[in-house]
Enquirer: 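Mind having a look at this structure? Questions to follow.
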Amino acid sequence: MTTAQRIVVDPITRIEGHLRIEAETDASGKITRAYSAGTMVRGIEIILRGRDPRDAWAFAQRICGVCTLVHGIASVRAVEDALHRALPGYGIPQNAELIRNLMIAAQFVHDHVMHFYHLHALDWVDVVSALKADPKATSALAQSLSGYPKSSPGYFADVQKKVKTFVEQGQLGIFANAYWGHPAYKLPPEANLMALAHYLDALAWQRDVVKLHAIFGGKNPHPNFVVGGVPSAISIQPGAGHGRGGPHYRGGQDATALNMVGLETIQNVIRQMREFVDQVYVPDTLAIAGFYKDWAGRGEGLGNFLSFGDLPSKSFWDTDSCLIPRGVILDRDLTRIHPIDLDADNEIQEFVSHSWYQYSQGDGQGLHPFKGETELNYTGPKPPYQHLDVDRKYSWMKSPRWQGKSMEVGPLARVLMLYASGNAQAKELVGITLKTLDVPVDALFSTLGRTAARTLESKILADAMQGWYDQLIANIKAGDIRTFNEQYWEPSTWPGHMQGVGLMEAPRGGLSHWIVVDDGKISNYQAVVPSTWNAGPRDTQGQPGAYEAALQDNHVMHDPKQPIEILRTIHSFDPCIACAVHVTDPDGEELVQVKIK
């Protein structure tokens, strides 16, 4: 008989950053209350005060190396939005929008594949069980699902041999410290071996597809950006440097990586992405999900979803041209999308009643990000400690709210928004998934639905990349190679005061950077990030955040010492806690220096 207790999982592994989960269970092992705590402090906003807004992206992008480009783009868009608000008519060239779309979508597909195979799959795939698989039967299973070339019996036998060697030598390495043999694992050995082989394939695949960021942005991680466009000068005739001039003839020593060779590499990357998503990722998701349909009935406790929208075909300020719609879904009602007013003080707010910050006018109120404050105020227990005092402040993450309501952001929110807005491909993919798994539409609101949404979104975006690439090539062939708007580059052309918000959909959800500029310098900067929306603590009204609510939705622990149920749902959000918090000591000094010899 299980007794009521509080389970502590700290740190949550196979995520980015430091996250602590405390969950209270009743005598049956069912989670009754859950608490999510970020255990590092964020200070990027403080670092940015007083700096040149044109440089903000380079600092903000270092918020996270996993999310790499997203904070850079959000920061650049914040400055551009401030200029657009203050100086009507300001915009960026269409080529820059297309290149940003390609970079964002590539980040999504890369990130989602990495998450599924290397962070989340081991919650569902028993690596040790794969040693019992029949490679020939595994090959038959794989070939029944898709035409992926690496599906021969010999290929799976080789993978099995590699893993067997690791196990026999006691060197599981990246597969160590899991709950192999736990009764929650339901896949047959052949499905485990197939997924394990694809885990290894994805490691090689991801190394190749990041070339897109290196070509457009100069490097990866942390590609380069610029306010007013992209720093991607196009060399359409790299061999035409013999005495010929003008912007159409960047040849010889003036050639850039964005020439026809680079563009052909990008085309190949798009092809590789689409093939892996179609032949491996989508089939694996559906095959694995078929054994875990009980997880379509747990793990989504809010019913409220928010998307800022992204990937415009025209201008980012033309929200109707965005592939991903902007809006809010309340109470799981897919018949209505509520608009978002970015400037209304009572819409988007951050609360700190359970966060280790303090507001100058009192911690009981929420602040709009334009008026946001970042004043650190740690009042928690001195480490090491057994439990957090959850009745008081217990996290370094704030609690964002929309019209006072907790929101979930991320792939599930976006797919629901696409589905509710009538996107034909999204409706078709969702319909096929529900029919294949034989589950109702309500199954979307779950841990399984969130994981499936990430896969379907990857399919939608990988397909969309080809259209953006084709449009970019068409523009270049027509003589349009402009990628940067130099107008209003100099702060001397700016008004004394301006403010703007840089919105984007990051792989983990809606991201917004809010900037206030006075006399050409940043006077306030606030980043409201996806994992703050999802992982934030309770607010002044006691409303839980998305992680907390999800864990309180129908989770019964089989063994508190092996909390795989908690990991499955938390991992389905793909936490990136470094985006929400950053490390400093009590005096604000850096904690470590790494010296390279």
Side-chain angles (χ1 to χ4, degrees), residues 30-31 34 112 115-116 120-121 123-125 145 184-187 191 195 277 281-307 324-325 328-337 406-460 508-509 534 544 546-556 558 564-574:
K30 184 176 183 179
I31 295 176
H112 287 350
H115 170 261
F116 181 77
H120 197 25
D123 296 329
W124 315 96
V125 175
L145 298 175
Y185 287 112
K186 297 181 179 181
L187 294 183
V277 169
Y281 187 17
V282 172
D284 280 0
T285 300
L286 293 176
I288 293 172
F291 290 90
Y292 292 103
K293 290 196 288 185
D294 53 323
W295 281 84
R298 72 189 69 159
E300 193 285 296
L302 290 179
N304 301 328
F305 304 89
L306 178 145
S307 166
I324 300 171
V328 167
I329 291 172
L330 295 177
D331 301 322
R332 304 183 184 89
D333 180 4
L334 300 180
T335 66
R336 183 181 180 188
I337 296 177
S406 301
M407 293 285 143
E408 176 178 334
V409 300
L412 179 56
R414 289 188 292 261
V415 169
L416 291 174
M417 209 69 64
L418 285 164
Y419 187 88
S421 65
N423 179 279
Q425 187 180 17
K427 291 182 76 70
E428 179 184 12
L429 289 171
V430 169
I432 292 172
T433 301
L434 297 176
K435 183 177 180 180
T436 300
L437 298 177
D438 190 24
V439 293
V441 70
D442 288 349
L444 293 171
F445 305 107
S446 67
T447 297
L448 192 66
R450 189 177 297 112
T451 300
R454 187 173 283 105
T455 306
L456 302 185
E457 176 177 72
S458 298
K459 165 66 175 169
I460 293 169
R508 290 158 182 84
N534 288 335
Y547 288 8
E548 297 174 334
L551 289 175
Q552 292 169 187
D553 179 27
N554 194 25
H555 286 69
V556 178
H558 174 79
I564 192 171
E565 296 86 356
I566 290 175
L567 295 180
R568 283 177 172 175
T569 289
I570 294 298
H571 284 156
S572 74
F573 286 94
D574 191 11

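We count residues from 1, following the sequence as given.
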Enquirer: Taking Glu457 for the side chain and Val415 for the main chain, is one N or O donor matched with an acceptor at less than 3.5 Å?
Expert: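 Answer holds: no.
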Enquirer: What is the minimum heavy-atom distance between Asp123 and Tyr185, and which atoms define it?
Expert: O-CE2, 3.5 Å
Enquirer: Quick one: does any side-chain atom of Glu408 pair with a main-chain N or O of Ala413 as donor and acceptor, under 3.5 Å?
Expert: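 Answer holds: no.
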Enquirer: Quick one: are Asn304 and Asp331 in side-chain contact, heavy atoms under 4.5 Å?
Expert: yes
Enquirer: Taking the side chain as C-beta and beyond, is there a heavy-atom pair between Pro440 and Leu434 under 4.5 Å?
Expert: no
Enquirer: What's the shortest heavy-atom distance between Gln552 and Pro544, and which atoms?
Expert: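 Closest pair (atom of Gln552, atom of Pro544, distance): NE2-CG, 4.4 Å.
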Enquirer: Against Asn423, only a single residue in Leu429, Val430, Leu418 fulfils side-chain contact (heavy atoms from CB on, under 4.5 Å); can you say which?
Expert: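 Looking at Leu429, Val430, Leu418, the match for Asn423 under the side-chain contact (heavy atoms from CB on, under 4.5 Å) is Leu418.
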Enquirer: For the residue pair Leu412 and Gly449, what are the closest heavy atoms and their distance?
Expert: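 Leu412 and Gly449 have their closest heavy atoms at CD1-O, 4.1 Å.
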Enquirer: About how many Å separate CZ of Phe573 and NE2 of His115, when rounded to the nearest 0.5 Å?
Expert: 10.5 Å
Enquirer: First locate atom OG1 of Thr433, then atom CD of Glu428, and finally report the distance between them rounded to the nearest 0.5 Å.
Expert: 10.0 Å
Enquirer: Measure the CG-CG distance between Leu448 and Asp294 for me, rounded to the nearest 0.5 Å.
Expert: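 Interatomic distance, Leu448 CG to Asp294 CG, rounded to 0.5 Å: 8.5 Å.
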Enquirer: Show the numbers, then the answer: is there a side chain to side chain contact (heavy atoms under 4.5 Å, CB included) between Arg454 and Tyr281?
Expert: CA-CA 10 Å; Arg454 187 173 283 105; Tyr281 187 17; 3.6 Å; yes
Enquirer: Considering all heavy atoms of both residues, which atom of Leu437 and which atom of Leu286 are nearest to each other, and what is their separation?
Expert: CD2-O, 3.7 Å
Enquirer: List the steps and the verdict of side chain to side chain contact (heavy atoms under 4.5 Å, CB included) for Trp295 and Thr451.
Expert: CA-CA 10 Å; Trp295 281 84; Thr451 300; over 6 Å; no
Enquirer: With the side chain counted from C-beta on, respond yes when Ile432 and Lys435 share a heavy-atom pair under 4.5 Å apart, and no when they do not.
Expert: no
Enquirer: In Å and rounded to the nearest 0.5 Å, what is the CE to CD1 distance from Met417 to Ile337?
Expert: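 Atom-to-atom, Met417:CE and Ile337:CD1 are 5.5 Å apart.
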Enquirer: Tell me, do Met407 and Leu302 make a side-chain contact under 4.5 Å, heavy atoms counted?
Expert: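 The answer is no, as the side chains (C-beta and beyond) never meet within the 4.5 Å cut-off.
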Enquirer: What is the minimum heavy-atom distance between Val277 and Ser458, and which atoms define it?
Expert: CG1-C, 4.2 Å
Enquirer: Got a donor-acceptor contact below 3.5 angstrom from the Asn554 side chain to the Gly297 backbone?
Expert: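 A pair under 3.5 Å: yes.
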Enquirer: Check whether any side-chain heavy atom of Ile31 lies under 4.5 Å from a side-chain heavy atom of Arg298, and answer yes or no.
Expert: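 No - every pair of side-chain heavy atoms lies 4.5 Å or more apart.
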Enquirer: Glu300 and Arg332: which non-hydrogen atoms are nearest, and at how many Å?
Expert: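 Of all heavy-atom pairs spanning Glu300 and Arg332, the closest is OE1-NE, 2.8 Å.
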Enquirer: Stepwise, does the side chain to side chain contact (heavy atoms under 4.5 Å, CB included) test hold for Phe445 with Asp553?
Expert: CA-CA 11 Å; Phe445 305 107; Asp553 179 27; over 6 Å; no
Enquirer: So, taking the atom named OG1 in Thr569 and the one named CZ in Arg450, what distance separates them when rounded to the nearest 0.5 Å?
Expert: 7.0 Å
Enquirer: Does the side chain of Leu456 reach to within under 4.5 Å of the side chain of Thr285, using non-hydrogen atoms?
Expert: no
Enquirer: Hey, are the side chains of Tyr292 and Thr447 touching, using non-hydrogen atoms and a 4.5 Å cut-off?
Expert: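 Counting from C-beta outward, Tyr292 and Thr447 never come under 4.5 Å.
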Enquirer: Please lay out, stage by stage, how Ile288 and Phe116 fare under the test side chain to side chain contact (heavy atoms under 4.5 Å, CB included).
Expert: CA-CA 11 Å; Ile288 293 172; Phe116 181 77; 4.0 Å; yes
Enquirer: Is the closest side-chain heavy-atom distance between Asp438 and Lys293 below 4.5 Å?
Expert: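 Touching, per the 4.5 Å side-chain cut-off.
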Enquirer: Identify which one of Thr335, Leu306, Leu416 satisfies the side-chain contact (heavy atoms from CB on, under 4.5 Å) criterion when paired with Ile329.
Expert: Leu416
Enquirer: To the nearest 0.5 Å, what is the distance between NE2 on His555 and CZ on Arg568?
Expert: 9.5 Å
Enquirer: Within the distance-only criterion (no hydrogens, no angle test), does the side chain of Ser307 pair as donor or acceptor with the backbone N or O of Arg414 below 3.5 angstrom?
Expert: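 No, Ser307 side chain to Arg414 backbone: no donor-acceptor pair under 3.5 Å.
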Enquirer: Treating Asp284 as the side-chain partner and Ala195 as the backbone partner, does any N or O pair qualify as donor plus acceptor under 3.5 Å?
Expert: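 Here the side-chain-to-backbone pair does not exist.
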